[in-house]
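Mind having a look at this structure? Questions to follow.
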Amino acid sequence: MASSKSSDTVNEGASAGPTSRWDELREELCTHPDGGFNIGAACSDRHLAAGQGERIAVRCLGPRMQQRDISYAELADRSSRLAAVLIGLGLQPGDTVAVLLRRVPELFVSALGVLKAGGVYCPLFATFGPGPIRSRLGLAQAKVLIVADDLYARKVAASRAALPDLHHVLLVGEDGVRTVPPEDCLDFTTLVEAASPAAAIATRPTDPALLHFTSGTTGTPKGVVQSHRAMLAHLITGRELFGLEPDDIFWCTADPGWITNTAYGVIAPLACGATVLADEADINPRRWYGILADEKVTAWYTTPTAIRAMMRYGAALARSYRSNSLRVAASVGEPLNTEAVLWGQKALGVPFLDTWWQTEIGSVAIANCPSETQRPGSMGRVLPGIHAAVVKREGSHLEVIETPDIVGELAIRPGWPSMLSGYVGNGVLLGAGLHDGWYLTGDLVRRDADGYYWFVGRADDMIKCGGLQIGPFEVEGLLMNHPALAEVGVVGKPDLLLREVPVAFASLNPGFQAGDALRAEVLAFARQELGSAMAPRELHFIPELPKTIAGKIMRRVLKAKAVEEPEDIDPLPLSSPCAEV
Ligand code: 6R9
């Protein structure tokens, strides 16, 4: 991938962060005397020089709680050996290496090793099928793939002929065993053990480093590229939001294919020298409470879906596991309703912070910071160094809205170190698509008089009902106050008269029975709370809302359901977690 044209300065662009602070951080993270700036080296080798080699860098818990630890010294050594392997295989700086692994130590070795070799780290979701994996490998023009042996056999082997750029495949036996690779693959562990460690390439801050495909909930996936300087934003948000220090144990529950894992499951905690905890299991309240307590997790980053799943199991379970170690918990990916914030705070006994950002922004940009007064239900305020605005598109130009509480689109100025360098297309970086110098997020928000941002909806999810623009999140947030509802998704259903009307889909809390009586009660509650114009006209009970792997409600699936015949979808039996508590 061609490097972005920009200069070597870390804080280039319109937004003026406190330059001296960035310069100090840049110096702290620099591992090369000649100014080379490499995420892989800064997250591992740098800590050896500081005498931290024996400290646990990563603890991975397997499905049956088997534990695999890797120290900073081992992480530095193995990632440098992998860098040597990749360079030996002909990897050129800027080439993409795709990684398709679950949460195992090799995932961390791969991320840092690829970056040390000057490559671009491109993690993929292991739960994707062969089609999405093939299309992303093709779009990224990946030269090398590091993949779990079973995933390769099931999801990649049949696509090899359609991927002419993919020169090498390195197979990982994820339970730590060596694999016997087929003829057109290599064994990761054998190669890494045989190699001598290579020094990290002296990449520049603006050299491409990370490539993530956005979740694709609204269309074709877009490949978003960040450069090595992104780690400045990861380090600063790791320290200032999560308070990360070397004796912290940080657990980020994000899937390895989601940028949230790269930023906060890998780079931020390792740049801060903390211990990363990674758990193989998907959302599992009882197991997760156990991990928070037994592993003495100090800071926890999760999603609204996870916290709402835990709410379904009740506060008593949470209290029975209450951990004294936890200092802070936070959530990202979706709107976090007020009820979930308050429940999280009470159940976990620590501040529970909402944070907002996007793949394109690369790290937390808006948050309810621990040092400020929280406003539950809001996303919080912009972090220092971020230049944000609420804007309205007026033809080809943008109008910045200064008046508080007016809904508009959230826009961010480039210049924040982890902002995208661009989108990837045919192996080269395309522009980041700015409008009047702003990056438009596609999220509708309002900012109150004190600077707190409130999420209204995705611009393309707004429900246009008569003369009204209805934000789905406002309706969902209010419906969630009804004790029967565990999760709610609201979408627009085409209507001849009004253009669209709001329709709700909901899953139920334990102890509630789907049926006409409950439906009538909830709809009446909605009309009373929201007024008849905004209240959903229909309510469908479903066991689980359709979600992306990152836990976002798939509104286009709900929209498709909304136009199906109601008998096809309603009512359905309740899902099993409801039986617990
Ligand atoms: C990190 C990540 C970005 C989109 C974003 C917005 C939604 C994320 C949110 C939130 C409301 C929050 N989103 N955090 N909505 N409140 N705290 O999620 O990146 O996968 O690219 O998604 O997710 O709609 O625009 P990504």
Side-chain angles (χ1 to χ4, degrees), residues 15 17-18 233-244 250 252 254 259-260 263-264 268 299-308 326-346 348 350-391 401-402 404-413 416-419 439 441-458 471 473-474 476-477 480 551-552:
S15 158
H234 300 141
L235 181 76
I236 195 126
T237 50
R239 282 192 182 149
E240 294 188 1
L241 206 57
F242 295 106
L244 292 184
F250 187 66
C252 170
I259 192 168
T260 303
Y264 294 98
W300 191 41
Y301 202 23
T302 190
T303 58
T305 309
I307 207 74
R308 288 196 286 259
L326 196 65
R327 254 187 317 98
V328 62
S331 146
V332 67
E334 271 226 296
L336 187 65
N337 50 306
T338 311
E339 196 199 356
V341 175
L342 300 177
W343 190 90
Q345 273 169 1
K346 217 166 122 206
L348 301 168
V350 296
F352 186 49
L353 316 169
D354 191 12
T355 67
W356 176 94
W357 55 291
Q358 289 187 318
T359 303
E360 283 87 343
I361 292 160
S363 62
V364 177
I366 297 181
N368 273 289
C369 289
S371 56
E372 292 184 346
T373 314
Q374 279 202 59
R375 280 204 184 155
S378 82
M379 309 191 298
R381 302 211 274 198
V382 286
L383 301 188
I386 290 270
H387 186 171
V390 181
V391 304
I401 305 171
E402 303 290 358
D405 290 321
I406 306 272
V407 173
E409 188 167 350
L410 177 59
I412 311 266
R413 283 270 195 222
W416 180 244
S418 63
M419 283 289 280
Y439 163 75
T441 64
D443 280 359
L444 294 177
V445 298
R446 66 180 174 83
R447 187 186 51 228
D448 67 22
D450 300 315
Y452 288 79
Y453 283 77
W454 298 77
F455 188 77
V456 176
R458 290 286 301 164
F473 177 56
E474 189 175 0
E476 289 161 11
M480 286 291 290
K552 293 179 208 295

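Just so it is clear, the structure is predicted and the values come from calculations on it, not from any experiment.
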*Please report the closest heavy-atom contact between Thr305 and Gly551, naming both atoms and the distance.*
OG1-O, 2.9 Å
_I need the Leu336 CG to Met379 CE distance, nearest 0.5 Å._
11.5 Å
*Taking only residues two or more places apart in sequence, or in another chain, which ones meet Arg375 in a salt bridge (charged side-chain N to carboxylate O under 4.0 Å, His left out)?*
Asp448, Asp450
*Distance (rounded to the nearest 0.5 Å) between Asp354 CG and Tyr452 OH*: 12.5 Å
*Check: Trp300 and Val350 side chains under 4.5 Å, non-hydrogen atoms*: no
*Thr303 side chain reached by Glu334 side chain, heavy atoms, under 4.5 Å*: no
_Pair Thr441, Ile412 - check side-chain contact (heavy atoms from CB on, under 4.5 Å), show working._
CA-CA 7 Å; Thr441 64; Ile412 311 266; 4.0 Å; yes
*Hey, does Tyr453 have a side-chain heavy atom less than 4.5 Å from the side chain of Phe455?*
no
_salt bridge (charged side-chain N to carboxylate O under 4.0 Å, His left out) partners of Glu360, counting only residues at least two apart_ = none
*Any side-chain heavy-atom pair of Leu241 and Pro370 under 4.5 Å*: yes
*Are side-chain heavy atoms of Ile366 and Val445 found at a separation under 4.5 Å?*
no
*Do Ser418 side-chain atoms and Ile361 backbone N/O form a donor-acceptor pair below 3.5 Å?*
yes
*Can you list the residues that meet the side-chain contact (heavy atoms from CB on, under 4.5 Å) rule with Glu240, with sequence neighbours excluded?*
Arg21, Ile236
_Please report the interatomic distance CD1(Ile259) to OG1(Thr359), rounded to the nearest 0.5 Å._
5.0 Å
*Hey, does Ser378 have a side-chain heavy atom less than 4.5 Å from the side chain of Asn368?*
yes
*Shortest non-hydrogen contact from Ala388 toward Val382*: CB-CG1, 3.5 Å
*How far does CD1 of Ile307 sit from CD of Glu339, to the nearest 0.5 angstrom?*
12.0 Å
*Minimum heavy-atom distance Leu244-Ala299, with the two atoms named*: CD2-CB, 4.3 Å
*Excluding sequence neighbours, so at least two apart, what forms ring pair (Phe, Tyr, Trp, His ring centres under 6.0 Å) with Trp357?*
Tyr264
*Answer whether the closest heavy-atom distance between the side chains of Val364 and Val332 falls below 4.5 Å.*
no
*Inter-residue atom distance Arg446.CZ - Glu474.CD, 0.5 Å rounding*: 7.5 Å
*Where do Ala329 and Leu348 come nearest, in terms of heavy atoms and distance?*
CB-CD1, 3.9 Å
*Is there a side-chain contact between Leu235 and Arg239 (heavy atoms, below 4.5 Å)?*
yes
*Can you tell me how far OG1 of Thr302 sits from CZ of Phe352, rounded to the nearest 0.5 angstrom?*
7.0 Å
*Name all residues meeting the salt bridge (charged side-chain N to carboxylate O under 4.0 Å, His left out) criterion together with Glu409; count only those two or more places apart in sequence or in a different chain, and write none if there are none.*
Arg393
*Of the non-hydrogen atoms in His234 and Ser363, which two are nearest, and what is the gap between them?*
CD2-CB, 3.7 Å
*Which atom of Pro304 lies closest to which atom of Ser331, heavy atoms considered*: CD-OG, 3.2 Å
*Over 60° means perpendicular and under 30° means parallel, so classify the ring planes of Tyr301 and Phe242, tilted if in between.*
perpendicular
*Counterpart residues, salt bridge (charged side-chain N to carboxylate O under 4.0 Å, His left out), relative to Arg447 (two or more places apart)*: none
